[in-house]
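Report on the following structure.
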Amino acid sequence: MAILFHCPWDNADQWLAALQSALPNDEFRIWPDVGDPGEIDFAMVWRIPPGALAGFPKLLAISSLGAGVDALIADPELPRNIPIARLIDPLMADRMAEYVCATVLHYHLGLDRYDGQQARKHWQRHPTTDAKDRTVALLGLGQMGQRCAQHLSALGFNLLGWSRSAKEINGVRCSHGAESLQGVLQQASITVLLLPLTARTENLMDMAAFDAMPEGSYLINCSRGEIVVRDDLLAVLENGRLAGATLDAFVEEPLPGDGPFWVHPKVRVTPHIAALSAPDTAALVLADQVRRARNGQCLAEQVDVDHGY
Ligand code: GLV
């Protein structure tokens with residue numbers, strides 16, 4: 001049997017090498033050179049063209065090469081009778097936590113203001129806030145959200161967490177469900193989006209959500225561009241409700257050159273790097289998934305297609 005592989009990233013060779021060494025007896029078929037479709041029993045893919053996964057009669061399971069499965073699930077021809085897994089390797093969650101801590105600290109310490117002052121050669125100190133008095137809201141409490149919570153909690157921040165279903169996490173005041181969102185947003189001066197993109201989270205951050213956030217607060221989006229209503233975000237950056245935003249995910253990627261975020265003085269853009277998958281550690285996780293599928297066991301990180309993640 002053979003494994004289907006589709007990876008549009010520029011380090012696809014590094015992925016293949018890592019996978020080949022984790023699964024030395026397997027043959028990898030790189031989309032679209034799939035050979036005999038009846039020989040493919042596992043697919044490891046990222047942003048494969050819609051419909052591409054429909055024609056493999058012996059396919060046992062599919063794993064995403066990233067944490068998000070929104071693009072996979074959006075494929076109307078995705079086989080519905082086989083398990084689908086997202087990829088969470090320990091390094092990805094650590095990378096996300098590093099990105100979130102760096103960005104939260106940037107705003108917490110007022111470094112965004114000092115960047116502006118330096119540009120004007122202006123020497124002025126601003127009052128500081130202790131971490132225990134800074135409330136940070138984490139929207140999304142999956143593996144990424146939980147790792148961020150551990151790291152932020154070690155830095156002493158006051159943490160709120162919000163998720164679809166109830167969670168209990170040490171050091172985080174957790175709430176769940178749509179009706180509690182506004183209350184969470186009202187209390188935090190920094191809100192971090194770590195949510196999967198689903199029908200429930202699409203456009204979640206709209207004007208009503210921004211209006212709930214305190215004047216002068218910050219948004220960090222590490223999940224998907226579709227979760228934020230772009231024009232509402234631009235409006236609240238303009239009217240001062242938001243003092244700044246760091247955006248790592250966009251509806252269109254790469255972000256087009258004429259997009260307003262590139263040049264917005266209150267926005268920091270990063271090119272979707274908050275939690276890059278790490279081929280060497282990910283290959284070990286994927287090899288285990290292949291063994292599980294072939295032994296008829298449940299996959300780890302299996303996706304509930306109805307919930308969308
Ligand atoms: C990246 O966005 C991922 O889903 O892993």
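FYI, side chains are in, hydrogens and waters are out, and symmetry mates aren't considered; it's all heavy atoms of this structure.
Summarising the geometry of C7 relative to A12, their closest heavy-atom pair is O-CB, 3.6 Å, with the distance given to 0.1 Å. Contact between G66 and S277 at its shortest, heavy atoms only, is CA-OG, 4.0 Å. Between V172 and A149, the shortest heavy-atom distance links the atoms CG2-CB, 3.7 Å. Heavy-atom minimum distance, N239 versus E215: O-OE2, 4.2 Å. The two atoms that bring G142 and K167 nearest to each other are N-NZ, 4.4 Å, heavy atoms only. Of all heavy-atom pairs between C148 and A97, the closest is SG-CA, 3.8 Å.
One finds the OG1 atom of T201 at 6.0 Å from the CG atom of L195 (value rounded to the nearest 0.5 Å). L233 contributes atom CG, which lies 9.0 Å from atom CG of N221 (distance to the nearest 0.5 angstrom). In this structure, the separation between OG on S189 and CE on M213 is 9.0 Å, given to the nearest 0.5 Å. Within the model, atoms CE of M205 and CD of E226 stand 15.0 Å from one another, a figure rounded to the nearest 0.5 Å. Between L65 atom CG and L286 atom CG the span is 6.5 Å, to the nearest 0.5 Å. Rounding to the nearest 0.5 angstrom, the gap separating the OG atom in S63 from the CD atom in E301 is 9.5 Å.
Side-chain contact between L155 and C101 is present, with at least one heavy-atom pair separated by less than 4.5 Å. Between H176 and S163, the closest side-chain pair of non-hydrogen atoms falls below 4.5 Å. Taking the side chain as every heavy atom from C-beta outward, I3 and M44 approach each other to under 4.5 Å. Using a 4.5 Å heavy-atom threshold, the side chains of Q289 and L87 count as separate. Residues L72 and L53 meet the side-chain proximity criterion, which asks for heavy atoms closer than 4.5 Å. In this structure the side chain of V184 never reaches within 4.5 angstrom of the side chain of T191, judged on heavy atoms. The closest side-chain heavy-atom distance from H307 to T198 is not below 4.5 Å. The side-chain heavy atoms of V136 and Y218, taken from C-beta on, include no pair separated by under 4.5 Å.
A donor-acceptor pair is defined here as one N or O able to donate and one able to accept, closer than 3.5 Å; such a pair exists between the side chain of D248 and the backbone of A274. Checking side-chain atoms of W162 against main-chain N and O of G177 turns up a donor-acceptor pair under 3.5 Å. Checking side-chain atoms of W15 against main-chain N and O of A282 turns up no donor-acceptor pair under 3.5 Å. Under the 3.5 Å distance criterion, the side-chain polar atoms of Q117 are matched with a main-chain donor or acceptor of Q124. Under a 3.5 Å cut-off, the side chain of N11 and the backbone N or O of Q14 do not form any donor-acceptor pair. The main-chain N or O of L276 is found under 3.5 Å from a side-chain atom of R95 such that the two form a donor-acceptor pair. Counting only distance, with no hydrogens or angles, the side chain of H6 and the backbone of W46 share a donor-acceptor pair below 3.5 Å. R292 places a side-chain N or O within donor-acceptor distance of the main-chain N or O of C298, the cut-off being under 3.5 Å. The main-chain N or O of T135 is never found under 3.5 Å from a side-chain atom of N158 such that the two would form a donor-acceptor pair. No donor-acceptor pair under 3.5 Å is formed between the side chain of T129 and the backbone N or O of R134.
The hydrophobic clustering, which links ILVMFWY residues whose side-chain heavy atoms are closer than 4.5 Å, places L284 and M92 apart. There is no path of hydrophobic side-chain contacts, each under 4.5 Å, that joins L194 to V69. Linking Ile, Leu, Val, Met, Phe, Trp and Tyr whenever their side-chain heavy atoms come within less than 4.5 Å leaves V290 and L299 in two separate clusters. No continuous path of hydrophobic side-chain contacts links V192 to L139 [ILVMFWY only; heavy atoms under 4.5 Å]. Under a hydrophobic clustering in which Ile, Leu, Val, Met, Phe, Trp and Tyr are joined whenever their side-chain heavy atoms come within less than 4.5 Å, directly or via other members, L255 and I220 fall into different clusters.
Within a 6.0 Å sphere centred on CZ of R29, heavy atoms belonging to other residues, nucleotides or ligands number more than 12. Around CG of N170, the count of heavy atoms belonging to other residues, nucleotides or ligands within 6.0 Å does not exceed 12. No more than 12 heavy atoms of other residues, nucleotides or ligands sit less than 6.0 Å from atom CZ of R125.
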Mind running side chain to side chain contact (heavy atoms under 4.5 Å, CB included) on V228 and F210 for me, showing each step along the way?
-> CA-CA 10 Å; V228 177; F210 289 125; 4.0 Å; yes
Show your reasoning for whether side chain to side chain contact (heavy atoms under 4.5 Å, CB included) applies to L4 and L59.
-> CA-CA 9 Å; L4 173 71; L59 194 59; 5.9 Å; no
Show your reasoning for whether side chain to side chain contact (heavy atoms under 4.5 Å, CB included) applies to L23 and F28.
-> CA-CA 10 Å; L23 290 160; F28 286 83; 3.9 Å; yes
Any chance you could lay out the side chain to side chain contact (heavy atoms under 4.5 Å, CB included) test for I227 and L197, step after step, and finish with the verdict?
-> CA-CA 7 Å; I227 293 175; L197 174 61; 4.1 Å; yes
Between H126 and Y114, does a ring pair (Phe, Tyr, Trp, His ring centres under 6.0 Å) hold up when you go through it step by step?
-> CA-CA 9 Å; H126 296 282; Y114 295 119; 5.6 Å; yes
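D26 has a carboxylate O that lies under 4.0 Å from a charged side-chain N of R294, or vice versa, which qualifies the two as a salt bridge.
For the residue pair Y99 / T270, a side-chain donor-acceptor distance below 3.5 Å is found, with atom types taken as modelled.
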